[in-house]
Amino acid sequence: MPGCAVNVIHKAVFLLPRGLMMFSLIWLVAGWFNVFGMSIANGAHITGLVIGLAMAFVDTQNVRKRA
């Protein structure tokens, strides 16, 4: 299965294609280095990414403990 899925008791409830993940990361890096002449609030976007990943990690740990 291509992409990343969040599994809850072996059932995929969310799927994000790898192409979309790669595009998002490449676009974030392009914005960081001002490749296209755009001013983007990179600090806010990276903070949101890190907090989202941390929340997902904590949530998956809680699901494993309940199962």
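We number each residue from 1, following the sequence as shown.
- Taking V29 as the reference, F33 meet the side chain to side chain contact (heavy atoms under 4.5 Å, CB included) condition, with sequence neighbours excluded.
- Hydrophobic cluster membership differs between F57 and L49, with clusters built from Ile, Leu, Val, Met, Phe, Trp and Tyr side chains linked at under 4.5 angstrom.
- Of the options V58, D59, I51, a side-chain contact (heavy atoms from CB on, under 4.5 Å) to M55 is made by I51 and by none of the others.
- The hydrophobic cluster containing L20 does not contain I26, counting ILVMFWY residues as joined when their side-chain heavy atoms lie under 4.5 angstrom apart, directly or transitively.
- Taking A30 as the reference, V35, F36 meet the side chain to side chain contact (heavy atoms under 4.5 Å, CB included) condition, with sequence neighbours excluded.
- Cluster membership check: W27 does not share its hydrophobic cluster with M22, using side-chain heavy-atom separations under 4.5 Å among Ile, Leu, Val, Met, Phe, Trp and Tyr.
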